[in-house]
J.: 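Please see the structure below; I have some questions.
Not measured: the values here are computed from a predicted model.
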Amino acid sequence: MSSSNQKPPSRNPDDYIIATLGSHSALQILKGARDEGMRNLTICKRGKERPYKSFPVADEIVLVDDWKEWDDDFEKKLMERNAILIPHGSFISYLGHERVKRMKAMYYGTKEILEWESDRSMERQWLEQSQLRLPRVFEKPEDIDRPVIIKFHGAGGGFGYFVVKSPEQFYEVKNRKYPDEHDFVIQEYIIGAPLYIHYFYSPLTKELEIMSMDKRYESNADSIGRIRAEDQLAANIHTSYTIVGNMPVVVRESLLPDLFEMGERVVEVSKSLCGKGLFGPFCLEAIITRKLEIFVFEISARIVAGTNPFIEGSPYTALKYREPMSTGRRLVRDIKEAIVAGRLEEVLG
Ligand code: ATP
């Protein structure tokens with residue numbers, strides 16, 4: 001923390017500034033800070049600042065020509081202003097895990113959990129321990145005996161994933177399109193409806209909340225159904241999952257008890273994995289089958305872009321809060337309450 005060791009951190013929210021990178025869910029986070037009466041700042045790559053100027057939610061826009069400018073000096077300036085950094089998907093991918101780990105500026109969330117989330121086998125161990133139902137993973141291509149989805153490591157937003165159903169098909173696509181990629185996972189393809197469940201866990205209230213849910217709008221997976229099967233074959237179209245946007249979902253109410261328990265188990269197990277465990281916003285990415293089995297294929301341990309349709313709150317937050325409550329606003333409220341209670345340390349990683 002930037003304040004000296006002798007002096008206890010200020011309990012006045014006005015002495016802090018909520019800061020994030022201009023991308024992903026920044027508009028929501030900045031608006032959340034506004035709504036909670038905290039000052040905010042966004043750090044943008046030059047040329048990408050238009051939305052942050054046009055939608056008037058940022059108090060301050062800091063421009064960088066390259067993310068490499070984010071060095072110790074840059075961070076020092078943020079620390080001098082008591083900036084509290086809010087990570088999101090692009091935050092980690094622009095700055096890199098190493099930079100984030102080394103960061104000395106105040107950072108909302110647990111940094112150690114990033115390792116558990118980004119390493120596929122550690123992530124699986126975490127989800128298995130949480131007793132979630134996971135898609136089967138195949139060790140080698142020769143074992144493929146049903147539809148599987150091939151995921152390359154670090155393929156942000158589903159880019160380059162493909163579906164095959166035999167070893168021959170796998171090698172045909174892999175060798176033709178991705179000859180130099182060797183880091184991938186072969187996962188059973190679950191036929192069902194995708195559902196991304198956005199949770200929030202506050203270390204202050206110790207309560208797990210369901211904030212909202214979404215499904216993704218993907219190119220070209222979401223457009224293939226508009227062409228006849230025959231035409232798809234004729235055009236030799238392969239399904240791809242590049243994310244274009246997100247759409248709100250409200251789930252059938254009878255599934256809610258299970259979804260709450262799943263989130264709770266994930267938080268509980270995380271406490272045994274690393275220091276403070278998982279807190280703040282996170283997302284379970286699931287597929288629900290026709291038998292209503294819930295398969296979880298991934299966890300995101302931070303705010304996801306799927307929360308963006310809910311800047312004015314979701315049906316779930318409308319039930320819980322008397323005011324519009326987005327995930328961005330909820331996390332700023334957690335920070336603000338922690339500051340006032342003299343418990344800021346508990347929400348910093
Ligand atoms: P992010 O890291 O941003 O979550 P990603 O690159 O990990 O994105 P995913 O969300 O894992 O991408 O998956 C991309 C698409 O593939 C989604 O439409 C998802 O529903 C689908 N998908 C992923 N795994 C499976 C699976 N095991 N069975 C069926 N569909 C799957």
Side-chain angles (χ1 to χ4, degrees), residues 18 20 23-38 40 51 55 57 86-90 108-109 132 157 192-218 222 243-267 278-288 292 294 296-337 347:
I18 300 292
T20 196
S23 188
H24 194 267
S25 44
L27 290 167
Q28 184 195 156
I29 295 167
L30 299 170
K31 165 107 169 56
R34 275 273 170 95
D35 290 345
E36 287 299 300
M38 286 190 73
N40 73 39
F55 302 116
V57 285
I86 314 297
H88 53 53
S90 308
Y108 176 72
L132 301 183
L195 184 72
Y196 293 71
I197 310 125
H198 317 140
Y199 295 94
F200 187 86
Y201 175 75
S202 163
L204 305 180
T205 63
K206 308 243 179 302
E207 186 187 347
L208 178 96
E209 299 170 41
I210 287 182
M211 301 301 294
S212 46
M213 298 173 203
D214 78 295
K215 64 177 250 178
R216 294 178 170 185
Y217 195 36
E218 291 159 327
D222 285 308
I243 183 153
V244 179
N246 304 82
M247 295 178 277
V249 174
V250 172
V251 85
R252 53 190 282 172
E253 203 156 306
S254 58
L255 286 173
L256 283 174
D258 277 351
L259 299 182
F260 272 108
E261 280 168 25
M262 288 163 57
E264 255 155 13
R265 292 201 298 269
V266 165
V267 171
L278 172 68
F279 64 83
F282 68 99
C283 173
L284 289 181
E285 310 187 354
I287 310 272
I288 305 191
L292 294 181
I294 307 168
V296 173
F297 61 90
E298 195 165 309
I299 181 166
S300 286
R302 70 186 87 89
I303 187 167
V304 290
T307 58
N308 284 337
F310 308 103
I311 286 187
E312 281 291 298
S314 75
Y316 300 108
T317 61
L319 295 166
K320 194 166 173 67
Y321 294 92
R322 284 169 189 278
E323 61 220 313
M325 184 57 65
S326 68
T327 293
R329 181 172 185 182
R330 182 65 190 89
L331 71 86
V332 175
R333 180 167 290 189
D334 213 33
I335 294 172
K336 198 170 95 176
E337 287 177 347
V347 299

J.: Under 4.5 Å between any side-chain heavy atoms of Ile335 and Ile86, yes or no?
T.: yes
J.: Using modelled atom types and a 3.5 Å cut-off, is there a donor and acceptor pairing between side-chain atoms of Thr205 and backbone atoms of Glu207?
T.: yes
J.: Is it the case that more than 12 heavy atoms not belonging to Tyr321 sit under 6.0 Å from its OH atom?
T.: yes
J.: Considering only heavy atoms from C-beta outward, does the side chain of Arg216 approach that of Met247 to under 4.5 Å?
T.: no
J.: I'd like to know if Arg329 and Glu36 make a salt bridge, using a cut-off of under 4.0 Å between side-chain N and carboxylate O.
T.: yes
J.: On the 0 to 90° scale, with breaks at 30° and 60°, tag the Phe279-Tyr108 ring pair as parallel, tilted or perpendicular.
T.: perpendicular
J.: Would you call the rings of His88 and His24 parallel, tilted or perpendicular, taking 30° and 60° as the class edges?
T.: parallel
J.: Is the closest side-chain heavy-atom distance between Val304 and His198 below 4.5 Å?
T.: yes
J.: Run the side-chain contact (heavy atoms from CB on, under 4.5 Å) test on Val267 and Phe282 for me, step by step, so that the C-alpha distance in whole Å, both residues' side-chain angles and the decisive distance to 0.1 Å come before the verdict.
T.: CA-CA 10 Å; Val267 171; Phe282 68 99; 3.8 Å; yes
J.: Taking atom types as modelled, find out whether Ser326 and Glu312 have a side-chain donor-acceptor pair closer than 3.5 angstrom.
T.: no
J.: Given the rule in the side-chain contact (heavy atoms from CB on, under 4.5 Å) test, do Ile294 and Met262 qualify, once you have shown the distances and angles that lead to the verdict?
T.: CA-CA 10 Å; Ile294 307 168; Met262 288 163 57; 3.7 Å; yes
J.: Looking at side-chain heavy atoms only, is the closest gap between Ile197 and Glu285 below 4.5 Å?
T.: no
J.: Hey, mind stepping through Asn308 and Ser25 against side-chain hydrogen bond (donor to acceptor under 3.5 Å, both in side chains) and telling me if it holds?
T.: CA-CA 6 Å; Asn308 284 337; Ser25 44; 4.9 Å; no
J.: Can any side-chain N or O of Asn40 pair as donor or acceptor with the backbone N or O of Ala33 at less than 3.5 Å?
T.: no
J.: Could you walk me through whether Tyr199 and Ile210 pass the side-chain contact (heavy atoms from CB on, under 4.5 Å) check?
T.: CA-CA 5 Å; Tyr199 295 94; Ile210 287 182; 3.9 Å; yes
J.: Determine, stepwise, if the pair Glu298 / Tyr196 fulfils side-chain hydrogen bond (donor to acceptor under 3.5 Å, both in side chains).
T.: CA-CA 10 Å; Glu298 195 165 309; Tyr196 293 71; over 6 Å; no
J.: Hey, are the side chains of Glu337 and Val347 touching, using non-hydrogen atoms and a 4.5 Å cut-off?
T.: no
J.: Under a 3.5 Å distance rule, please check whether Gln28 uses its side chain to pair with a backbone N or O of Ile311 as donor and acceptor.
T.: no
J.: Are the side chain of Lys206 and the backbone N or O of Pro203 linked by a donor-acceptor pair below 3.5 Å?
T.: yes
J.: Less than 4.5 Å apart, side chain to side chain, heavy atoms only: is that true for Tyr316 and Leu256?
T.: yes
J.: Check Thr307 against Ser212 and note the closest heavy-atom contact, atom names and distance.
T.: CG2-OG, 4.3 Å
J.: Kindly give the heavy-atom pair with the smallest separation between Pro315 and Phe310, and that separation in Å.
T.: CD-CE2, 4.5 Å
J.: Apply side-chain contact (heavy atoms from CB on, under 4.5 Å) to Arg330 and Thr317, showing your working.
T.: CA-CA 10 Å; Arg330 182 65 190 89; Thr317 61; over 6 Å; no
J.: Take a 6.0 Å sphere around CD of Glu253 and say whether it holds more than 12 heavy atoms from other residues, nucleotides or ligands.
T.: no
J.: Any side-chain heavy-atom pair from Leu195 and Ile287 closer than 4.5 angstrom?
T.: no
